[in-house]
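Below is one structure, written out as structure tokens, with a few remarks after it.
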Amino acid sequence: MAATREHEAMSALLALIASGRAVTRTELAAVCGLSRSTVTQRVNRLLDAGLAVEHGSGASEGGRPPTVLALAPGSGVLLAADLGATHARLAVAGLGGEILAESSEDLVIDHGPDRVLGRVRDGWHGLLASLDRGARDVRGIGIGVPGPVEFSTGTVVRPPIMAGWDGFRVPAFFADHRAVPILVDNDVNLMALGEHRGSRAAEDSLLYIKIGTGIGCGTVTAGRLYRGSAGAAGDIGHIRLPGHEQVVCHCGNTGCVEAVASGAALVRSLRAGGLDVATARDVARLAVDGNTAARRALRVAAQQIGEILAAVVSFHNPGCILIGGAFTALGDEVLAEIKAVVYSRVLPLATRNLRIEAGPLGDRAAIVGAIALAQEHALAPGALVRLFG
């Protein structure tokens, strides 16, 4: 059975309830521009189908307190995975986005897709079993990986740090869940989505910048994640930094800001100077401990990243830039250097209301984003056809 306009309308209502933007019949009618009777009719269908529940009363505005709506706890679960270069964070969430069970472990992404995804599958099975749930309860899956992804197919495309993953179609691995949406995206995109959803859409135009082993950017525009025509939007790590044409990047070009100012670049530079560092977090740790060379290298890198962000701000005019990754361990020091360059290089109109700050979710942003991605597609009109069935 194909999705109908009725499914589309109810999908919109469920999405609003799940996001918290509208949780009473009156609020839903106001946001959707529908009559109260139409909204009530559709909400009743959701209640009868076990997809929504009445969840207490809201604040009264002079009359009878309105009934608050929520997604039904028993309507299904979502699976989420945040895969990094050396870690995996897994979660099972309710259809409303609340985390029901979670685990994390060390994991090397270069061990290849079969080995890594096998551990993800086994980890999910264990979490589901702990909740007395099974594959039949899963309504959607969201997975973040540290490399470029063709979003429409979930295929990893020429990743710089994921040995053996090029051309691998991730959704095809999970045969147990082929009947539900399986979404795969770059981890920075999911961080941007997670921060946006986690803040209940406090800012509808934001950039999330991850500064770690590499440098990446996720973009939320008009309240929605923006991937570009081929899923490559936000790849700011490969914008050329003037004056560094002699530095060769792993992408094959020269002068990329990632080759000059990323955690990997700083590791190479500091190791050449005799310091014992292996990761971006080692660099941050040295700087926090007061090492002069590490602090100086981080200040210069922050200024160089600020130069690139100034151009991005002039073009995109976001309302907020959130910074995440290993270097946020230094607190305001890195942020101050980035802010100084951006505010000095960009015209006042674009920076008048611009906020530049650390992402409040920290290292949890990607798993929250993976859940939000799975939820969005689990509540889509086509998925509702299966849920009603």
Side-chain angles (χ1 to χ4, degrees), residues 1-78 93-98 137-140 142 179-181 183 192-206 219-227 319-320 368-369 371-389:
M1 183 174 64
T4 66
R5 288 187 178 180
E6 188 70 8
H7 289 113
E8 293 173 0
M10 287 187 290
S11 170
L13 294 182
L14 281 174
L16 287 169
I17 294 169
S19 70
R21 286 182 58 201
V23 294
T24 68
R25 291 167 175 80
T26 300
E27 291 173 349
L28 290 168
V31 172
C32 296
L34 300 171
S35 69
R36 174 65 183 266
S37 61
T38 299
V39 167
T40 296
Q41 179 185 26
R42 287 171 177 164
V43 166
N44 287 342
R45 283 201 67 191
L46 295 174
L47 294 172
D48 292 341
L51 295 175
V53 293
E54 294 182 330
H55 190 63
S57 300
S60 172
E61 296 183 358
R64 180 181 175 184
T67 300
V68 173
L69 301 164
L71 268 64
S75 54
V77 297
L78 308 169
L95 203 55
E98 69 284 3
D137 300 304
V138 176
R139 301 289 180 258
V180 303
L183 296 312
L193 182 61
E195 291 286 5
H196 179 259
R197 294 295 177 86
S199 64
R200 290 302 188 207
E203 181 58 67
D204 276 347
S205 177
L206 69 82
T219 305
V220 173
T221 300
R224 297 188 65 82
L225 191 61
Y226 179 74
R227 297 183 179 87
C320 177
V368 174
I371 292 169
L373 182 66
Q375 180 193 64
E376 177 183 324
H377 288 262
L379 301 180
L384 285 194
V385 173
R386 292 190 294 272
L387 290 177
F388 275 100

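All values below were derived from every heavy atom in this structure, side-chain atoms included, with hydrogens, water molecules and symmetry-related copies excluded.
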Just how far is it from atom [atom1] of [X] to atom [atom2] of [Y], taken to the nearest 0.5 Å?
| X | Y | atom1 | atom2 | result |
| --- | --- | --- | --- | --- |
| Arg25 | Glu27 | CZ | CD | 12.0 Å |
| Leu78 | Leu183 | CG | CG | 10.5 Å |
| Glu54 | Thr24 | CD | OG1 | 11.5 Å |
| Ser205 | Arg224 | OG | CZ | 14.5 Å |
| Thr40 | Leu34 | OG1 | CG | 10.5 Å |
| Leu14 | Leu46 | CG | CG | 4.5 Å |

Inset, instruction - Could you give me the CA-CA distance, side-chain angles and deciding distance for His196 and Asp204, then say whether side chain to side chain contact (heavy atoms under 4.5 Å, CB included) is met? - result: CA-CA 8 Å; His196 179 259; Asp204 276 347; 3.3 Å; yes
How far apart are the closest heavy atoms of [X] and [Y], and which atoms are they?
| X | Y | result |
| --- | --- | --- |
| Ala192 | Leu225 | CB-CD1, 4.2 Å |
| Ala70 | Ile17 | CA-CG2, 3.7 Å |
| Ala374 | Gly142 | CB-N, 3.6 Å |
| Leu71 | Ala18 | CD1-N, 3.7 Å |
| Val53 | Ala72 | CG1-CB, 3.6 Å |
| Arg227 | Leu373 | NH2-CD1, 3.5 Å |

Inset, instruction - Taking the side chain as every heavy atom from C-beta outward, state whether Leu16 and Cys32 have any atom pair closer than 4.5 Å. - result: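 SC-SC contact between Leu16 and Cys32 confirmed.
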Legend entry - 4.5 Å side-chain heavy-atom contact, Leu379 and Leu95: yes
Legend entry - Under 3.5 Å: donor-acceptor pair, side chain of Gln375, backbone of Ile371: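 No: the side chain of Gln375 does not pair with the backbone of Ile371.
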Legend entry - CD/Gln41: more than 12 non-hydrogen atoms of other groups inside 6.0 Å: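 Atom CD in Gln41 is not packed in, count stays at 12 or less.
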